[in-house]
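Heads up: the structure comes next, in structure tokens.
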4 protein chains.
Amino acid sequence: MANKAAPDASRRSERSRRAIFDAALSLVGEVGYDKLTIEGIASRAGVGKQTIYRWWPSKAAVLLDAFTAGVDEYSTQGLPDTGDLAADLKSVLRATADEFNDPVFQAPYRALAAAGANDEELSRTFVARLMEPGTLVYVERLRAAQEAGEVAAGIDVRVAVEMLLSPFSQRWLMRTGELTYDYVDTLVDLVLRGLRPRD
Amino acid sequence: MANKAAPDASRRSERSRRAIFDAALSLVGEVGYDKLTIEGIASRAGVGKQTIYRWWPSKAAVLLDAFTAGVDEYSTQGLPDTGDLAADLKSVLRATADEFNDPVFQAPYRALAAAGANDEELSRTFVARLMEPGTLVYVERLRAAQEAGEVAAGIDVRVAVEMLLSPFSQRWLMRTGELTYDYVDTLVDLVLRGLRPRD
Amino acid sequence: MANKAAPDASRRSERSRRAIFDAALSLVGEVGYDKLTIEGIASRAGVGKQTIYRWWPSKAAVLLDAFTAGVDEYSTQGLPDTGDLAADLKSVLRATADEFNDPVFQAPYRALAAAGANDEELSRTFVARLMEPGTLVYVERLRAAQEAGEVAAGIDVRVAVEMLLSPFSQRWLMRTGELTYDYVDTLVDLVLRGLRPRD
Amino acid sequence: MANKAAPDASRRSERSRRAIFDAALSLVGEVGYDKLTIEGIASRAGVGKQTIYRWWPSKAAVLLDAFTAGVDEYSTQGLPDTGDLAADLKSVLRATADEFNDPVFQAPYRALAAAGANDEELSRTFVARLMEPGTLVYVERLRAAQEAGEVAAGIDVRVAVEMLLSPFSQRWLMRTGELTYDYVDTLVDLVLRGLRPRD
DNA sequence: TATTAATCGAGACGGTACGTCGCGTCTTACC
DNA sequence: GGTAAGACGCGACGTACCGTCTCGATTAATA
């Protein structure tokens, strides 16, 4: 099926790979995604264009790898469980708000979310590598709360997490509002209001 | 101060305007947003490039106008109010799901959502022209329900609507799940669970 | 038959055409034919690459036109006919030797002769536009001499001219010897020796 | 002083050398000189690129060696001397015409002649290895004829040979005419007309 | 006959130029 | 003055080769 002879990954230059990531991330911050070019990345990385084309199919793929490589370092270690569900959710979501408000983070993340909208393949990878892990820790925390009786049985935890995270992401992506601590708190409280078991 | 002499809109060719919209919408469906070009639109519309550049600043703006022109025909007339809030929300959201599942609708809408992520100006227009009107009718319906005592007082209705619509949009945009009637119903039920007044 | 829509020559930019010629001729002198590039010409001429590709199929064609445009100014006005055939031939051939020894002339001419060897189409144009006119004046002069009885009847004048001009060109092209006045004189004398009528 | 460590010729792979020659000659016939590439030769020869770069400085040099190796087999053994100078010259020149009309011979020879025009170094080697030996046998034959009194004393034999061979080569290289037996005969007769001693 | 150092096939690398596409501007002729 | 048409300067695309380089794996002179 593969008609392009796959290059030999064992001979790949680690130095070039890193330089490409650095160049891609810094450039996307400086000029924006639309004006980000493969030539620009290659030139800043001190690398031949072919070295990029050899290993990635598109600038979106480069950026996704670059961004992922930078993010992977926070190995996600699950949400805190202090027993106070609302407090736990608020604390983590506030931290996420800080991150989403950080300009360095914004440019590549926005670019990838946007590119994903028009490229199904990319979108799947984006979700699987960047969104899914973050979502799962919420799912687990809610599941634990459900077992502890803090969340009503029978509730679809997955949907509950969407109710929490999607408004947050959407606000940010569409710029329909600021991601303030107040907003986060309001959102968590309203979501939890719907999850609590009835007396 | 305006150094670009504003064109005289009264002499504008309506035939060209329409042809450009048709060309833009059909092309974005055929080749996708990334491969949609001004030259392509002009050529299919049988129009000079300058005629496009004279009236729009970018291909995104053309597409936004084209799409809006097509959508404006459903003049939004408010949500039904049968007295059964859950039923009203489900019925409208199911209809929206059908719309979002329609391929003709998808390509331009995805394209615009994506383009907005990297273009703040465009994003504001997109939200104001396409998303805000749809959101408002939900806000009004919930406000009415709140006054009728079906929704707890003190709840931020705006946030409540986000909890309903964002998971829906997000699923679709990121392709994290299908927009089925089941999903819609589950979502409405779970959101309403949190809105109901406590005994 | 023409599958490429021919561009509209009436809208062609004369200024660009000239700038391209100048750039091509100066560059071929500076860097040689092999390192002459379309990009280089475009860049020096202050012209887009496409403007070159629109009007010429190859760098050889550009150079041929550029060179021809420069040469066409000497409208060939026939060989002198002083009655002394040997003197006439020597004087013109000496002038040609001077020309061939001029570095400005050499680079493009060599390049074109070489490119023609591998490109039949180009070769025909090169011969027709640059070599044939020069050859014809010799043919005419010899024909006149033949009618005057200075050259034996029955001699193939065309072949006679080749005997005169080819050794000259060949020496130059292959660098097998210098084009001195002595050489020219020897050559003319030896050729004429074979042309004279027998007693 | 030599900063490039000279490779050790004694360990050289004869099999590779031959494969490179075969590949170069067949490729130049198939795709022409301009599209002949080192990578293409290496690939067809089943050889690493470095093996070519180790032993030759350019594709022209490879081709020259390849062609020379093929040609060297006819060890030139002097022109026949039957006593009839015209007949001797015609017979050899007719054979040469056949050779120049052979497609297998044409591609590399044309390519080398052309490459030589723009590369003085190559040109000297080309002349010395391929043209000079062929020329010398004519010079010797004419010298013999001169001593036998068939050619006038005092004639520059070298120039006489040029008068014979250059028109021939030039015709072929520039495609200004066919190399027929008739042409050869005419040429020989006209040249000899000029060489014969006067009564 | 085993050692060992250079050559070998392979192909990744930093580059340059290719020929094409589309941008946004400008010019021309028409209506 | 708006329009269809399209040439222009420009910049990026994705590809092809350049000549250099680094890898084991032969492989042929020497120990």
Side-chain angles (χ1 to χ4, degrees), chain A residues 5 7-13 15-16 19 35-43 45-55 57-59, chain B residues 4-5 7-13 15-16 19 35-43 45-55 57-59, chain C residues 5 7-13 15-16 19 35-43 45-55 57-59, chain D residues 5-17 19 35-43 45-55 57-59:
Chain A
D8 179 347
S10 72
R11 324 191 86 195
R12 183 165 185 183
S13 161
R15 135 187 291 278
S16 295
K35 294 192 179 167
L36 178 68
T37 64
I38 299 271
E39 291 205 333
I41 297 171
S43 153
V47 139
K49 277 201 287 180
Q50 201 56 47
T51 299
I52 299 183
Y53 284 112
R54 184 153 34 230
W55 302 109
S58 65
K59 71 173 177 178
Chain B
K4 284 281 173 183
D8 178 347
S10 70
R11 321 190 103 215
R12 183 167 187 184
S13 159
R15 129 189 294 279
S16 294
K35 294 191 180 168
L36 178 69
T37 65
I38 299 272
E39 295 207 335
I41 297 171
S43 157
V47 139
K49 281 199 286 178
Q50 200 54 251
T51 300
I52 299 183
Y53 284 112
R54 186 158 24 236
W55 303 108
S58 65
K59 70 173 177 177
Chain C
D8 179 347
S10 72
R11 324 191 85 193
R12 183 166 185 183
S13 161
R15 132 187 292 278
S16 295
K35 294 193 178 166
L36 178 68
T37 65
I38 300 272
E39 291 205 334
I41 297 170
S43 154
V47 139
K49 278 200 287 180
Q50 201 56 47
T51 299
I52 300 184
Y53 285 111
R54 185 154 31 232
W55 303 108
S58 65
K59 70 173 178 178
Chain D
D8 179 347
S10 70
R11 327 192 90 199
R12 182 167 186 184
S13 161
E14 178 61 14
R15 131 189 291 279
S16 294
R17 198 176 133 270
K35 294 192 177 167
L36 179 68
T37 66
I38 299 272
E39 294 206 336
I41 297 171
S43 157
V47 138
K49 280 198 289 178
Q50 200 55 251
T51 300
I52 298 183
Y53 284 111
R54 184 155 29 233
W55 303 107
S58 67
K59 71 173 177 176

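Chain A is the first sequence line, chain B the second, and so forth, proteins listed ahead of strands; every chain is numbered from 1.
Atom CD1 of B:Ile52 is separated from atom P of F:dG2 by 16 Å (rounded to the nearest Å). Summarising the geometry, the separation between CD1 on A:Ile41 and P on F:dA12 is reported as 12 Å, rounded to the nearest angstrom.
A:Ala19 pairs by the side-chain contact (heavy atoms from CB on, under 4.5 Å) definition with A:Ala45, not counting sequence neighbours. A search for side-chain contact (heavy atoms from CB on, under 4.5 Å) contacts involving D:Arg11 returns D:Asp8, not counting sequence neighbours. Considering only residues two or more places apart in sequence or on other chains, D:Lys49 meets the salt bridge (Lys or Arg N to Asp or Glu O under 4.0 Å) condition with D:Glu39. For B:Ser43, there are no side-chain contact (heavy atoms from CB on, under 4.5 Å) partners, not counting sequence neighbours. By the side-chain contact (heavy atoms from CB on, under 4.5 Å) test, B:Arg15 pairs with B:Ser13, sequence neighbours left out.
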Expected string for nucleotides 10-18 of chain E under the B/S/- scheme (protein heavy atoms, under 4.0 Å, primed atoms plus P, OP1, OP2 as sugar-phosphate) is BBBBBB-BB
